[in-house]
There are 2 protein chains.
Amino acid sequence: MAPPSKAASAAKDRDQDRRKTILRAAVEVFARKGYHGCRIADVAREANVAYGLVYHYFRNKEELLQLVFETGWGGFVARIREAAEGPAPLDAKVQRIFQVAFDGYRVDPRGVRVLVLEFARGPGTGEANRRSAFAEVMQLTRSMFERARLKGELRPDLEPSLCAAMLFGAVEMGLTSLVMGLLDGRDEAVLARAQAQLADSFLHGTLAREAPWKQDRSGSRLKTAKRS
Amino acid sequence: MAPPSKAASAAKDRDQDRRKTILRAAVEVFARKGYHGCRIADVAREANVAYGLVYHYFRNKEELLQLVFETGWGGFVARIREAAEGPAPLDAKVQRIFQVAFDGYRVDPRGVRVLVLEFARGPGTGEANRRSAFAEVMQLTRSMFERARLKGELRPDLEPSLCAAMLFGAVEMGLTSLVMGLLDGRDEAVLARAQAQLADSFLHGTLAREAPWKQDRSGSRLKTAKRS
DNA sequence: GTCCGGGTTGACTTTCGAATCAGCCACACC
DNA sequence: GGTGTGGCTGATTCGAAAGTCAACCCGGAC
């Protein structure tokens, strides 16, 4: 290969830009109408791009969804892993996981919408992929709880995998409430409160010792209570 | 109208049988391949019935899904309402809700699979219906928690709607773990344990007084603890 | 200025499955 | 046994959307 000329690399940049533009448009459209409810034409229009160009950059519609998924989910998994591993105490880790999830929503509600709604979908080509991606996070979290249980941080009578299920249940249904408009996701106060309360209740229900995290860790990350 | 002859009423019975057969087949097929992943032909074959007959009994594919949904969901809502209203203490109600959900799974895992997977999904005709059906249950549960809070059964610093979200988050993710095979749903012990633990942790995290329900109510419905 | 190449275009082809419909057949009633 | 009715059949129709492709355009190289 010749050393990449200025032109060539610039071209490559533009290439990547195009890809991203289309990918972003796909997120937008999937979020609005769902994977099955939209046509490639919609994606193309949203991206201000010719119909055919979508197929220049992506093999097919499924690949598009797959990539939207991998991009969003990949980042999420990385952050969750970061939160779940390491020496921090369990309550901090759980707080962090809620933080990660809700920040995801803050940054890109559209993207979260696609992940939440299009998630555990029926057997498209990608089912196996998505299922295992999901299983991966559950696994990750399960072993977080397992380690915590050994350290005596978790109630010893709780099954770690069920804790993981409960944790992500709370996360997912919280986000679903936002996505479905049962909670007002544009109101940061609502977001913060939801995040805090879910984490707090979860920890109350699962930690071994009674509320050690309540004796203030640096002021208070939890701003629950307050109203009547 | 003439009084229904024996023949006519028998015919009507067979009619209803057919409907049910097809509906059941639809549940089966939706559960296996998802709504979008299956064709009407699959439903017909599963029901051992001619393709066209499906359209004799149902207007179209969407109506089929809608009915599968309403049948399953309707029963569920009724039971949840029954559990959530009335004078019983909050902990018993919550226990009952978990009971209802897991019994649903025990009786008809296929049906639950469809509800769980096909739930809040993309904008078909029925989206509004399903969304409001979902909202209805959340509403129902929210007001259950509201009343409980007034009676001092719920931690006063918790937002009832978030409690509802958390409760159904736990239920849904628990069932998802079953549906996805992360837990072995054929093992009754696993089911019972999951049900008990989820309810227990949830109550630990949200009840006002510390574990009043642990001082045995009629022996113990909760068989948590026990192992290491 | 001309030529080359690949990104870009959108009309066209293909595929696929929902929905239709022109009968068929089984059974009840005469 | 004949006849009519209505549940039942499945090949056919039809539309919608995925995916293709040949021509076009524009930017850079010479």
Side-chain angles (χ1 to χ4, degrees), chain A residues 1-23 25-26 29-30 32-68 118 122-126, chain B residues 1-23 25-26 29-30 32-68 118 122-126:
Chain A
M1 294 266 180
S5 70
K6 244 179 301 176
S9 95
K12 204 158 194 181
D13 283 359
R14 266 193 40 294
D15 222 57
Q16 285 311 91
D17 278 0
R18 283 292 210 200
R19 279 185 78 85
K20 277 195 183 159
T21 305
I22 294 174
L23 223 42
V29 172
F30 289 169
R32 197 159 48 235
K33 324 223 280 179
Y35 176 69
H36 291 284
C38 76
R39 18 217 137 283
I40 290 292
D42 297 328
V43 175
R45 194 168 333 116
E46 179 72 33
N48 286 314
V49 134
Y51 185 97
L53 198 63
V54 176
Y55 285 93
H56 181 72
Y57 285 101
F58 304 94
R59 197 168 14 262
N60 55 35
K61 196 184 176 188
E62 171 65 24
E63 179 178 286
L64 205 49
L65 177 61
Q66 189 60 30
L67 283 169
V68 166
E118 226 62 54
T125 312
Chain B
M1 293 269 178
S5 70
K6 244 180 299 175
S9 94
K12 204 160 195 181
D13 282 0
R14 266 192 41 290
D15 222 58
Q16 285 312 91
D17 278 2
R18 283 292 210 196
R19 280 186 76 85
K20 277 196 184 159
T21 306
I22 295 173
L23 224 41
V29 172
F30 289 169
R32 197 159 50 235
K33 325 222 279 181
Y35 177 70
H36 289 285
C38 75
R39 18 216 139 285
I40 290 292
D42 297 328
V43 175
R45 194 169 331 117
E46 179 72 32
N48 285 313
V49 134
Y51 185 98
L53 196 63
V54 176
Y55 285 92
H56 181 73
Y57 285 102
F58 304 94
R59 200 169 11 265
N60 53 36
K61 195 184 176 188
E62 171 66 23
E63 179 178 287
L64 205 49
L65 177 61
Q66 189 61 29
L67 284 169
V68 166
E118 228 61 55
T125 312

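Chain naming here is simple, since letters A, B, ... match the order of the sequence lines and numbering starts at 1 in each. Values below: every heavy atom of this structure, side chains too, minus hydrogens, waters and symmetry copies.
Summarising the geometry, the separation between CZ on B:Phe58 and P on C:dA18 is reported as 15 Å, rounded to the nearest angstrom. Protein atom CG of B:Leu53 is 14 Å distant from nucleotide atom C1' of C:dA19, rounded to whole Å. Rounded to whole angstrom, the span from the CG atom of B:Asp17 across to the C1' atom of D:dG7 amounts to 14 Å. Per the geometry, CG belonging to B:Asp42 stands 14 Å off P belonging to C:dA19, to the nearest Å. Atom CZ in A:Arg45 sits about 12 Å away from atom P in C:dG10, given to the nearest Å.
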Show me the donor-acceptor pairs, under 3.5 Å and distance only, between side chains in residues 47-55 of chain B and residues at least two apart or in other chains.
none

Show me the donor-acceptor pairs within less than 3.5 Å that the side chains of residues 37-45 of chain B make with the rest of the protein, sequence neighbours left out.
| from | atom 1 | to | atom 2 | distance (Å) |
| --- | --- | --- | --- | --- |
| B:Asp42 | OD2 | B:Arg39 | N | 2.9 |

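Rounding to the nearest 0.5 Å places CZ of A:Arg19 at 12.0 Å from CG of A:Asp17. Here the NZ atom belonging to B:Lys61 is positioned 8.5 Å from the CG atom belonging to B:Leu65, to the nearest 0.5 angstrom.
A:Glu46 is listed as a side-chain neighbour of A:Arg32, based on a closest heavy-atom distance under 4.5 Å. Side-chain contact between A:Leu23 and A:Tyr57 is absent, with no heavy-atom pair separated by less than 4.5 Å.
As judged by a 4.0 angstrom heavy-atom cut-off over every strand, B:Tyr57 is placed among residues touching the sugar-phosphate backbone only.
Dashed line: the shortest gap from a side-chain N or O of A:His56 to OP1 or OP2 of C:dG7 is under 4.0 Å.
Direction of the helix axis in the helix from C:dG1-D:dC30 to C:dC30-D:dG1 shifts by 10° between the two five-pair termini, rounded to 10°.
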* Structure fact -> B/S/- along nucleotides 12-26 of chain D (protein heavy atoms under 4.0 Å) is -----SBBB------
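Under the rule for a ring pair (Phe, Tyr, Trp, His ring centres under 6.0 Å), the partners of A:Tyr35 that lie at least two apart in sequence or sit in another chain are A:Phe30.
Among residues at least two apart or in separate chains, salt bridge (charged side-chain N to carboxylate O under 4.0 Å, His left out) pairs with a member in residues 50-59 of chain B are B:Arg59-B:Glu63.
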